[in-house]
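By convention in this document, chain letters (A, B, ...) are assigned in the order of the sequence lines, proteins followed by strands, and residues within each chain are numbered from 1. What you are looking at is a predicted structure, and each value in this text was computed from that prediction instead of being measured.
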Amino acid sequence: MKRRNWTLRIGGCVAAVMVALILLGTVWTPYDPNALAGAEKSMAPCLAHLFGTDNFGRDLFSRVLEGGRTSLLIAFCTVAIGGVCGTVIGSLTGYFGGLVDEVLMRFNDSVSAFPNILLALVCVSIFGTGKYKIILVLGVLFIPSFARIVRGEFARERSRDYVENARIMGAGPFRVMFAHILPNVKTVLLSSVAIGFNNAVLAEAGMSFLSMGVQPPDASLGRMLAEAQGSLFTMPWYALSTGCFMVLLILGFSLLGQGLQEQEREL
Amino acid sequence: MKYYLRKLVTLIITLFVVSLLAFLAFQIVPGDAAARILGTEATPESLAALRHQMGLDRPMLVQYGDWLNQFLFGDMGNSYSYTMSVKALLGPKLPITFTLTAMAFLMIVCISIPLGVWQGKHAGEASDAVTGAVGQVFMSVPSFFLGIVFTLVFGIGLKLFTQGQFIHYDQSVSGFFGYLFFPALAIALPKSAMAAKLLRASVIRELQQDYVRTARSRGRKFSSVLRVHVLRNALIPVVTFLAMTIPEIVANSIIVEQVFTIPGIGRLLLSSILASDYPVVLAIVVMLAFLVVLMNFLADVLYQRIDPRIKVR
């Protein structure tokens, strides 16, 4: 009997619910996230306001959804940039090998030795902050990790029989790489996408928490946590609800990634 | 011996390249030291004169050589924002961040190793599943949020410390360590969960080896086999992981220092970035980069020491 992959199931469900909530937030939120309501200042969570309200009477649930949207957008773009560039670089170097492969991978190793947030801080101090700059900086910083994984897979697959067969049938290198090998490394790629998502949400939240990331008027979970910290004594629910929302988002993607890895191992 | 020599040469080359890259990166930012000193009253002539005087009109690589030479002898230039040398600015903050990092690292070791072994020993039981699930959640909690939760529970709720009232080691050594306890724990818990998970998998793998059965059949107690034989082998991947987490701990401490308002390197780095105080940013970045490279070197060497099977290339 096949063992059930609970990590994948739970992760998939949590990630799906969180993404669905955030997507719902783009078309509908219970209240206007920026509407001030003097009569409803600093309310504890209740049925009308699930996460409570902040010191301006703004509904926190609506604001968390909006912040989650920014975080998700940044994570999505980051992973898209890192994933696409990393896959192209990794597949080319892994398939062809040679000196370029050697040099690029050495460079890759040294870059990935540095914590993401440190490199991102350096880039931000040179190029400045803002939503699009963060996407670009994080996207570029995520390339090495994808390139390394894809390279490893391609280097292993290229000596397999099916690749040899395709080559004998007259398929060109690009056809072999993208039509034959790529579908076989799909699961590995998917799991690194999920883990990349999780890291991107973490990195963005950290940067925004330090006010080095997303700038107002854009909402972000990290920024909201920084704000919430100031009113921890009077409104603990602000920090707790924002933080828990973020943890669930990260947890969902990290479980999803691990579940996909487990599945790959069992195959 | 040849192995270490080769590694050492690579280490020096990497340090050289990393410092060069960092130096050049901060050359592309607009506005140099001369422009900062003269401010709005600068005329093109006075700017050029001061640049010449400060040696800023020389080729980039010559400036780098000069800077590196001074840096290696402990002279890191002067801060733009404060009328102080970077060295004097960093001096009192380094021990604080160092203590925080060291405490967090010790906690990771003390939590993850017993936990990982225990989980590996009880693999498949309910207790293993429960601790595994809790660990999984901790892995997903960013340390700054954990810091906020600690402030709420232990600071505001139980009044074990007052957030924002950092106690300097000059005032009270025990107070200093006491204040750093929760920040260090906030950094340590997520990493401990990761290390424990790694160790658990490693212990399970080792327990299936033949040598365990042999030792058991010769009458050794399970606990002694676990302690003497299994742990030694199971720790190999974990030691490398631990060495590699040190840079991560430092990076996390930058954020956690902000949560607990600890006047360490991290807060200085952030305020310097916001104030565009590049000499300070450059000095901190290069120091952290050196730390990363050194830890990688250490991980390689340790890896080779504990497992001689690893090919010496």
Note to self: Contact between L121(A) and L270(B) at the side-chain level, heavy atoms closer than 4.5 Å - yes or no?
What the structure shows: yes

Item checked: I250(A) and M139(B), any side-chain heavy atoms less than 4.5 Å apart -> no

Check: Going by residue number, which parts of residues 231-242 of chain A are within reach of chain B, meaning a heavy-atom gap below 4.5 Å?
Finding: L232(A), F233(A), P236(A), A239(A), L240(A)

Checklist line | Part of residues 199-208 of chain A lying next to chain B, heavy-atom separation under 4.5 Å | finding: L202(A), A205(A), G206(A)

Once rounded to the nearest 0.5 Å, what's the spacing between atom [atom1] of [X] and atom [atom2] of [Y]?
X: L255(A); Y: Q136(B); atom1: CG; atom2: CD; result: 4.5 Å
X: L118(A); Y: L291(B); atom1: CG; atom2: CG; result: 10.0 Å
X: Q229(A); Y: T151(B); atom1: CD; atom2: OG1; result: 6.0 Å

Checklist line | Residue F138(B) excluded, over 12 heavy atoms near CZ under 6.0 Å | finding: no

Margin query: Within the supplied structure, the quantity of interest is the number of heavy atoms (other residues, nucleotides, ligands) at a distance under 6.0 Å from F76(A) CZ; does it exceed 12?
Written below: no

Next item on the list: Quick one: do S140(B) and M246(A) satisfy side chain to side chain contact (heavy atoms under 4.5 Å, CB included)? Show the steps, please.
Entry: CA-CA 9 Å; S140(B) 305; M246(A) 187 163 74; over 6 Å; no

Notebook entry, point to check: Side chain, backbone, both or neither: which part of V285(B) has a heavy atom under 4.5 Å from chain A?
Noted result: side chain

Next item on the list: Check whether A22(B) gets within reach of chain A through its side chain, its backbone, both or neither, counting any heavy atom under 4.5 Å.
Entry: neither

Next item on the list: Tell me, please, which residues at least two apart from F260(B) pass ring-ring contact (aromatic ring centres under 6.0 Å, His included).
Entry: F161(B)

Margin query: Suppose a student defines contact as a heavy atom less than 4.5 Å from any heavy atom of chain A. Which residues in residues 249-259 of chain B would they list?
Written below: A251(B), I254(B), I255(B), Q258(B), V259(B)

Next item on the list: Measure distances from I117(A) to the heavy atoms of chain B and classify the residue's part below 4.5 Å as side chain, backbone, both or neither.
Entry: side chain

Notebook entry, point to check: Based on non-hydrogen pairs under 4.5 Å, which of L282(B), V281(B), I148(B) is most in contact with chain A?
Noted result: I148(B)

